[in-house]
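Reviewing the structure listed below.
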Amino acid sequence: MSGAQRNPCGTAAAVQESARVIRVAVPVPLDRLFDYSLPADSPTPVIGSRVQVPFSGRQLLGFCTAVNPPDAHGRLKAVNRVLDQDNFLGPQLWALGQWLADYYQYPLGEVLATLLPNAARSVRPLPATSSEHWQLTGTQPVTLTRARKQQQLLQRITDLGGHVSTAALLEEGYSKAVLKGLQAKGLIVRTTRPPLRSSMQGSVIPPTLNPEQQQALETLLAHRQGFAPTLLNGITGSGKTEVYLRLIEAVIAAGQQVLVLVPEIALTPQTLSRFEARFGTADVIHSGITDRARLVAWLKAQRGELNILIGTRSAVLTPFSNLGLIVVDEEHDASFKQQEGLRYSARDVAVKRAAMLKIPLLLGSATPSFESLHNATTGRYRMLNLTHRAGTAVLPEFHLLDLRGRNLDRGLADDLIRVMRRHLDTGNQVLVFLNRRGFAPALLCGHCSWRAECPSCERPLTMHRSPPALICHHCGRRERLTQSCPKCGHVDLIPVGQGTQRTEQVLIEHFPEIPVYRVDRDTIRSRARLEAQLAAIHEGKPAILIGTQMLAKGHHFPNVTLVAVLNADGGFLSPDFRAPERTAQLIIQVAGRAGRAERPGEVYIQTYQPENTLLTALLAQGYQGFAEQELISRKAQHLPPFYPIALLRCESGSADAAREWLLRAKSLLPTSVEAYGPAPCIIPRVADRLRFQILVLAEDRARLHAGLRQLKALPPTPANIRFAIDIDPYDTF
Ligand code: ADP
Ligand code: ZN
Ligand code: ZN
């Protein structure tokens, strides 16, 4: 972070001898801090206090980073308001903020604003959170016979396992007076933190761990002190979640808090209900909750009023009073990487937090990221393997369906239809995976050369049928679905290729008596609909599930015995260096939905490239062998995880402006890093903006970061340009 600069705007008052000055991190895209004077009647902030300050004619909420800095100078504007007299984020999050700003090369003011829950961006007082609970003391009642209501309540608390929240009791119609009565007699005590409900009291009886799970759990329990990162590498359905649950129970029982990061909670209500069944209520943070609910969960974590917080990416930025463990489920998942603003990886931040707090960290996946596998190989992480499916389930068998020269009905091979029928006839369910939503990825005129194209991105518009529209999957632009060619007027428009809506229709034609459930971004907009669909699927009757990668994530469909992957080729042909890794993860994860209960499963993969070396390696050697082979090529190409990289991304309406800006950035980079570009991105244009990038490589992280720090000398980015530094980019689109 560069030093303070003179306040850039507006009228200013001279700093007097007696005036106090504070240095403020303001949420603006400028990599520097600003000094302000404190009015005489203002309370004195400390480092970390929220302060409201004037900036370019606006009032912004910033954070005080220094009081009376010795090098303050010039004429300063006055602080408008001091909101706190303590460090609002707390020392832990404050320290994390400094690290984030430095590691991701992002202005401190904007980092701190990202750490602040939306609902805490105003001057309103913070909500009360006290999640008041009551617990039996174990004292035997003597004189309750004449206090019938107290007796009833005591019985109710006993029935509930000896503890309950005030809110729950009030909802059941008990009054505060009766609670106070029991408290006065010493029969119950008040607690703020919900007591641990041990597994035996939950509404489910946990399974007995198999020997591999037991071994993994014992190792984890033996390393409960200090920074101990562990990769739980367990095939789909091997019982990883069961291991998390046992470990979490031990940590909570020791009085500590647990943070569980999951990719997408809305898609997997099952995950949440599993935690709830085991631990009673669990607090959640994800994009679907209100700002206020998020702030309440945030404050409860900070005040030590919750045991377990389950959340998506941003939950890793929550303060805790006594965090004892972080679990990252499906650690390979792309959704952990923020793709705009502060482009952090929640998994990597979790590792950093665990290291800062000196606590254990558990990363779990059936298809670990190459980064984590590499860290395990080099000894930075301990690796625990679960190689068998839990219970009696066995792994599915893989088949390749060579599509060359075969009869296809809108993307489905005859043979595949036959196999589907066999599974459905024997009372099972079938999952069909196609990673493209909509009806058809292109719409052409059969008469002239017209094709539906997004004018802002110059790419084909995807045809959607329900509701009818032409949609750009890059910029979101929507156009009316025309019946006739806008160019020549013929009504001969041809949808080309398959999306999930079209495949759904084909499947309904082939299997009119079988319900077909489609799960993709268009159908899961309604949470109620998703849950109704999942409930219907869980009834277990023969059914076909068709969907995108949303179907691959964490779901457990016990009656699915056949998984069909309609097109595996696209992913292995993409120029993105991570595409093979991502495609292999997707195939293995989708395949993992098959045969998770007693019935064995089969996986059919349709391909035009049955000899593709990546595909055959994956099927012959499994994910692990595939990863080892791919890692050799990553090393040869000087790519992550062996060499750290960053992308300098630039977008502008003018290609010249974008290119020139990148060249200017490149000229600042020292020779200790290699820089390639500027080159157009794989997707060169989105929403009328032309996209360019520079790839920066280095021998090691210290060199990469030292090199990128030179970019601080860049002047403020001009208004017609968007510029971002993406450290450890996930995709290179
Ligand atoms: P993963 O997280 O590895 O995909 P889960 O923990 O979800 O696996 O387990 C898959 C299924 O097996 C779940 O229904 C779970 O309840 C069950 N299960 C887990 N461990 C055992 C066990 N030791 N014995 C029997 N069933 C188990
Ligand atoms: Zn035409
Ligand atoms: Zn577009």
Side-chain angles (χ1 to χ4, degrees), residues 1-9 22-36 45 47-66 69 71-72 76-77 79 87-89 93-118 120-121 313-314 316-317 337-346 348-349 352 646-652 661-662 664-665 668-669 694 696 704-729:
M1 188 63 35
S2 58
Q5 310 273 328
R6 204 162 306 174
N7 197 323
C9 48
I22 62 168
R23 186 154 289 169
V24 180
V26 185
V28 292
L30 297 171
D31 202 1
R32 58 192 224 203
L33 305 168
F34 297 93
D35 289 348
Y36 288 88
I47 291 176
S49 298
R50 291 171 302 160
V51 293
Q52 198 180 54
V53 294
F55 192 95
S56 281
R58 292 181 295 159
Q59 292 293 329
L60 294 182
L61 192 67
F63 283 88
C64 170
T65 65
D71 54 343
L76 304 176
K77 292 186 82 180
V79 171
N87 181 338
F88 183 80
L89 299 172
L93 217 51
W94 187 257
L96 185 70
Q98 315 292 320
W99 178 81
L100 287 166
D102 182 57
Y103 187 87
Y104 289 107
Q105 307 271 311
Y106 203 61
L108 181 64
E110 297 216 276
V111 169
L112 296 175
T114 308
L115 296 181
L116 189 65
N118 270 332
R121 290 204 178 119
R313 180 176 60 225
S314 67
V316 78
L317 307 177
K337 176 82 159 100
Q338 168 79 33
Q339 301 283 15
E340 57 193 30
L342 175 61
R343 294 166 183 254
Y344 66 98
S345 151
D348 297 348
V349 174
K352 183 63 192 177
L647 276 183
L648 310 184
R649 300 173 179 272
C650 195
E651 295 184 3
S652 173
W661 185 260
L662 284 177
R664 185 164 186 175
L668 295 171
L669 293 173
I694 286 180
V696 187
L704 181 73
H705 275 79
L708 293 173
R709 267 184 213 112
Q710 303 307 315
L711 298 178
K712 286 181 188 300
L714 278 171
T717 318
N720 65 338
I721 279 177
R722 285 196 201 169
F723 174 66
I725 304 175
D726 192 350
I727 309 277
D728 310 327

Heavy-atom closest pair (Glu110 atom, Pro29 atom, distance to 0.1 Å) is OE1-CA, 3.4 Å
Side chains of Ile22 and Pro45, heavy atoms from C-beta outward: is any pair under 4.5 Å? yes
Does a side-chain heavy-atom distance below 4.5 Å link Leu108 with Gln98? yes
Spatial distance of atom CG (Leu116) from atom CZ (Arg121) [nearest 0.5 Å]: 5.0 Å
Please give me the minimum heavy-atom distance between Pro27 and Ala113, naming the atom from each residue. CB-CB, 3.7 Å
Aromatic ring pairing Trp661/Phe723, orientation class (parallel under 30°, perpendicular over 60°, tilted between): perpendicular
In Å and rounded to the nearest 0.5 Å, what is the NZ to CD1 distance from Lys337 to Ile727? 8.0 Å
Minimum heavy-atom separation for Leu669 to Gly707, with atom names? CD2-O, 3.6 Å
Under the side chain to side chain contact (heavy atoms under 4.5 Å, CB included) criterion, do Arg664 and Leu714 qualify, and how do the steps go? CA-CA 8 Å; Arg664 185 164 186 175; Leu714 278 171; 4.1 Å; yes
Trp94 and Thr65: side chain to side chain contact (heavy atoms under 4.5 Å, CB included), yes or no, with the steps? CA-CA 10 Å; Trp94 187 257; Thr65 65; 4.2 Å; yes
Could you check whether any side-chain heavy atom of Arg343 comes within less than 4.5 Å of a side-chain heavy atom of Arg649, counting everything from C-beta outward? yes
To the nearest 0.5 Å, tell me how far Lys712 NZ sits from Arg32 CZ. 13.0 Å
Taking the side chain as C-beta and beyond, is there a heavy-atom pair between Leu115 and Leu100 under 4.5 Å? yes
To the nearest 0.5 angstrom, please state how far the SG atom of Cys650 sits from the CD1 atom of Ile694. 9.0 Å
Say you draw a straight line from CG of Leu93 to CG of Leu112; how long is it, rounded to the nearest 0.5 Å? 8.5 Å
Should Tyr104 and Val111 count as side-chain neighbours, where that means a heavy-atom distance under 4.5 Å? no
Apply side chain to side chain contact (heavy atoms under 4.5 Å, CB included) to the pair Phe55 and Val24, showing each step before the final yes or no. CA-CA 11 Å; Phe55 192 95; Val24 180; over 6 Å; no
Heavy atoms only: give me the nearest Ala665-Leu648 pair and the separation to one decimal. CB-CD1, 4.1 Å
Closest heavy-atom pair and its distance - Pro729, Leu647: CG-CG, 3.8 Å
Between Tyr36 and Pro54 (side chain of the first, backbone of the second, donor and acceptor by atom type, cut-off under 3.5 Å), is there such a pair? yes
Do Asp102 and Arg709 meet the salt-bridge criterion of a basic N to acidic O distance under 4.0 Å? yes
Apply side chain to side chain contact (heavy atoms under 4.5 Å, CB included) to residues Val349 and Leu96 and explain how you reach the verdict. CA-CA 9 Å; Val349 174; Leu96 185 70; 4.2 Å; yes
If you measure from CZ on Arg50 to SG on Cys64, what distance do you get to the nearest 0.5 Å? 13.0 Å
